[in-house]
Amino acid sequence: MPELPEVETTCRGIAPHITGKKVKQIIIRNTRLRYPIPESLTNNLTGQTIHQVTRRGKYILLHTDAGVAIIHLGMSGTLRIIESGIDAEKHDHVDIIFDHKKCLRLRDPRRFGCLLWTQTDPQQHKLLKSLGPEPLSDDFNENYIYKLTRKRSVAVKQFVMNSHIVVGVGNIYTSEALFQAGINPTRPVNKISLKSCKKLSTAIKDVLSRAITQGGTTLRDFYNGEGKPGYFQQQLSVYGRESQPCHHCNTPILKIQQGQRATYYCKQCQR
DNA sequence: AGAGGTACCTGGCAGC
DNA sequence: TGCTGCCAGGTACCTC
């Protein structure tokens with residue numbers, strides 16, 4: 001489910017409710033996420049005060065004096081704030097219960113997400129260490145893209161989706177950004193000019209920013225920290241629009257397969 | 001080093 | 001109604 005806008009929306013949704021609050025109890029109903037939830041999490045996080053909620057790529061970090069909880073929502077995870085005491089449903093794997101009777105509940109049907117604990121710098125954690133730059137930062141620009149693409153022949157769609165190149169841009173927003181940039185998703189990256197790299201970085205920033213403003217994209221099951229859906233799906237130009245007319249030229253939108261993932265594009269507008 | 005495939009897991013839906 | 005197969009927003013890890 002979540003790409004960067006959804007994770008950012010989740011962070012913004014939960015932060016005001018848990019920042020400065022003390023963890024009273026942690027209930028783990030199922031430790032079997034992508035990586036097993038470590039015992040060190042319960043042992044160390046209980047009794048700690050969350051002093052900051054931050055995001056790195058699609059990872060959500062809960063900072064305390066004792067260490068940092070690292071959360072990834074995978075394909076189907078949600079984090080929401082509820083009143084403590086509400087019955088858990090089938091895929092509600094973890095409750096972090098706070099002093100003020102609020103509960104941060106992690107639900108993840110497909111269990112592709114994770115919940116880890118680190119006592120050292122989270123940026124140096126194995127999972128975060130080699131991530132690419134944040135797409136909305138100045139480090140992510142046409143020169144960066146141009147330099148990294150010269151010796152690669154992979155399709156631009158797969159290049160953009162690689163988190164070691166740039167974080168947070170998943171299947172939906174890659175298709176959308178490539179449409180906005182007018183670039184065919186199958187184009188080998190080393191065939192893209194500096195000028196097109198500029199269009200690409202600009203489009204990625206624009207699509208992500210607009211999606212964050214809309215509270216993310218809810219296709220089936222994304223809800224923010226307060227249980228509300230996102231609205232960006234109403235503005236999708238190509239994603240999920242196979243055979244429907246392109247908003248710009250009326251040509252039917254194509255759906256193809258790239259690296260086992262669906263790609264949507266307009267062959268007329270994207271060259 | 002880069003590219004491609006596989007694995008993890010469940011739910012929803014189309015088709016029979 | 002019920003079964004089967006396919007698809008889904010992610011990404012680490014393996015091999016070539």
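Note: hydrogens, waters and symmetry copies are ignored here, and every other heavy atom, side chains too, is used. Numbered from 1 within each chain, the chains take letters A, B, ... in sequence-line order.
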Could you tell me whether A:E83 and A:K101 make a salt bridge, using a distance below 4.0 angstrom between a side-chain N and a carboxylate O? no
Would you verify whether the NZ or CZ of A:R150 falls within 45 degrees of the ring axis of A:Y146 while also being under 6.0 Å from that six-membered ring's centre? yes
Phosphate-side-chain proximity, A:K58 and C:dT11, N/O vs OP1/OP2 below 4.0 Å: yes
Under 4.0 Å between any heavy atoms, over every strand shown, what does A:Y35 touch: base, sugar-phosphate, or nothing? Just pick one. sugar-phosphate
Please determine whether a side-chain nitrogen or oxygen atom of A:K90 lies at a distance below 4.0 Å from atom OP1 or OP2 of B:dT10. no
Could you check whether the side chain of A:R111 and the base of B:dC9 have a donor-acceptor pair of N or O atoms closer than 3.5 Å, going by distance alone? no
Protein-nucleotide distance (A:E3, atom CD; C:dG10, atom C1'), rounded to Å: 9 Å
Less than 3.5 Å apart, any donor N or O on the side chain of A:Y173 or A:E6 sitting next to an acceptor on the other? yes
In whole angstrom, what separates A:Q158's CD from B:dA1's C1'? 17 Å
At 4.0 Å (heavy atoms only), tell me whether A:Y59 reaches a base, stays on the sugar-phosphate, or touches nothing. sugar-phosphate
Do the side-chain N or O atoms of A:R152 get closer than 4.0 angstrom to the phosphate oxygens (OP1, OP2) of B:dA1? no
From the list B:dT10, C:dG9, C:dA12, which nucleotide is the closest neighbour of the side chain of A:H91? B:dT10
Return the value, rounded to whole Å, for the distance between atom CG of A:D108 and atom C1' of C:dG9. 12 Å
DNA chain B: A:Q260 or A:S153, which has the more 5' nearest nucleotide? A:S153
Determine, answering yes or no, if A:F112 is stacked on B:dC9 under the 5.5 Å centre rule and the 30° plane rule. no
Just call it for A:Y239: base, sugar-phosphate, or nothing, with non-hydrogen atoms closer than 4.0 Å on any strand. sugar-phosphate
Say whether, by atom type as modelled, one donor and one acceptor occur between the side chain of A:T251 and the main chain of A:C266 under 3.5 angstrom. no
Mate of B:dC9 where both pairing distances stay under 3.5 Å, Watson-Crick or G-U: none
For the pair made of CG in A:L33 and P in C:dA12, what is the distance, rounded to whole Å? 15 Å
For a quick test of reading the model: is some side-chain N or O of A:K126 closer than 4.0 Å to OP1 or OP2 of C:dC13? yes
Are the charged groups of A:K24 and A:D99 less than 4.0 angstrom apart, N to O? no
Any base atoms under 4.0 Å from A:R34, or only sugar-phosphate, or nothing? Heavy atoms, all strands. base
Between A:K255 and A:S163, just flag the one whose closest nucleotide in DNA chain C comes earlier from the 5' side. A:K255
Nearest-neighbour nucleotide for the A:H164 side chain, C:dG10, C:dA12, C:dA8 considered: C:dA12
Donor-acceptor contact below 3.5 Å, side chain A:E142 vs main chain A:L194: no
Please state the P separation for the pair B:dT6 and C:dC6 - nearest whole angstrom. 14 Å
Rounding to an integer number of Å, can you tell me how far A:Q214 CD sits from C:dG9 P? 21 Å
Separation of B:dA1 P from A:L148 CG (nearest whole Å): 13 Å
Rounded to the nearest angstrom, tell me the gap between atom NE2 in A:H93 and atom C1' in B:dC8. 13 Å
Taking CG from A:L73 and C1' from C:dT11, how many angstroms apart are they, rounded to a whole number? 14 Å
